[in-house]
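Side chains are part of it too, since the values below use all heavy atoms of this structure and drop only hydrogens, waters and symmetry mates. Each ligand, and each atom within it, is numbered from 1 in the order the structure gives.
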Amino acid sequence: MGDAVALNVVILGPPGAGKGTQAERFARAQGLPKISTGDILREAVQSGSELGHAVQAIMERGELVSDKLITGIVRERLDRADVSAGFVLDGFPRTVPQARALDEIMVGRDPLIVVEIRVPDEELVRRVRARRVCHSCGANVSAFSADPSRAARCEKCGGELVSRADDSEAVVRERLRVYWRDTRPMIDYYSGRTMFQAIDGAQSPEQVRHMLLTTIAELAAGTGTATQPEAQP
Ligand code: AMP
């Protein structure tokens, strides 16, 4: 890759904003690793590891795991060689201390591009209640947009579709409360930066995908970042 500048992207947004789906697509299109702290923690819970035991109850209540624990996981992940051309972070940072820790991890590396996907609360509750995930492969499905006759099975692998344990209405409202309390101040932490931009997430996934791509390209170009995200056909 020579001395091309890495595309280091953080996608922020409340639960249900579509950041997981968008981060996944963007990362795949650019050939970058997507690092989702929610996925890492869910895998730990599923595997029954020590970490999984430590975080399961916290996640089921819709609360945040400790800054120290999650920052350690991310620090280790960003030390791996596969992030040399860049990465897409999804679900981290979520608090001001996590954002500060990330800035510290990034010292001496190429700059961070931070994009927030914004969606009104009531739309988020509606979306999250409709969300199903595949029990086998973990794919996300929106029950509202899916064909009802096929909604019971995953389109990718035929696995059973289930609600996430933390997607009930009470837990969603708690996650939104936590978001406004802990995560909004972190967005204020980034909002003055030239490498930060918010986009409107209350549009179709296709429109959001397009806007995300354009926004990241503009932010990368604005700082002379050599590696540009490539437009998708
Ligand atoms: P997500 O899939 O990003 O919504 O994350 C699911 C759950 O994992 C959250 O509700 C938290 O309990 C936990 N979690 C994920 N990322 C973080 C983080 N950066 N800080 C604290 N807790 C997190």
**Message:** I'd like to know if E60 and R42 make a salt bridge, using a cut-off of under 4.0 Å between side-chain N and carboxylate O.
**Reply:** no
**Message:** Within ligand 1, which atoms have a heavy atom of V65 less than 4.0 Å away?
**Reply:** 21 (C), 22 (N)
**Prompt:** What pairs with R61 under salt bridge (charged side-chain N to carboxylate O under 4.0 Å, His left out), at least two apart in sequence or on another chain?
**Reply:** E63
**Message:** Taking CD in Q46 as the centre, count heavy atoms belonging to other residues, nucleotides or ligands within less than 6.0 Å. Is the count above 12?
**Reply:** no
**Prompt:** Do any nitrogen or oxygen atoms of T37 lie less than 3.5 angstrom from nitrogen or oxygen atoms of ligand 1?
**Reply:** yes
**Prompt:** Does ligand 1 have a heavy atom under 4.0 Å from the side chain of R42, from its backbone, from both, or from neither?
**Reply:** side chain
**Asked** Which residue supplies the protein heavy atom nearest to atom 14 (N) of ligand 1, what is that atom called, and how far is it?
**Response** L41 CD1, 3.5 Å
**Asked** For atom 8 (O) of ligand 1, what's the nearest protein heavy atom and its distance?
**Response** M59 CE, 3.4 Å
**Under 4.0 Å to a heavy atom of I70 - the qualifying atoms of ligand 1, by number** = 18 (C), 19 (N), 20 (N)
**Item:** Shortest reach to atom 18 (C) of ligand 1 by a heavy atom, considering only R175, R94, Q56
**Value:** R94
**Complete:** In this structure, atom 11 (C) of ligand 1 is nearest to the protein heavy atom E63 O, 3.4 Å
**Request:** Around atom 20 (N) of ligand 1, find the nearest protein heavy atom and jot down its residue, atom name and distance.
**Result:** Q98 NE2, 2.9 Å
**Asked** Less than 4.0 Å between a side-chain N and a carboxylate O, is that true for R25 and E206?
**Response** yes
**Request:** State whether the shortest distance between N or O atoms of P93 and N or O atoms of ligand 1 falls below 3.5 angstrom.
**Result:** no
**Prompt:** When you check the gap from the basic side-chain N to the acidic O, do D103 and R109 get nearer than 4.0 Å?
**Reply:** no
**Salt bridge flag under 4.0 Å for residues D182 and R94** = no
**Fill in**
Tracing side-chain contacts under 4.5 Å among Ile, Leu, Val, Met, Phe, Trp and Tyr outward from V178 reaches L64
**Request:** Between L64 and ligand 1, find which residue part has any heavy-atom pair under 4.0 Å and reply side chain, backbone, both or neither.
**Result:** both
**Message:** Looking at E123 and R127, is any side-chain nitrogen of the basic one under 4.0 Å from a carboxylate oxygen of the acidic one?
**Reply:** yes
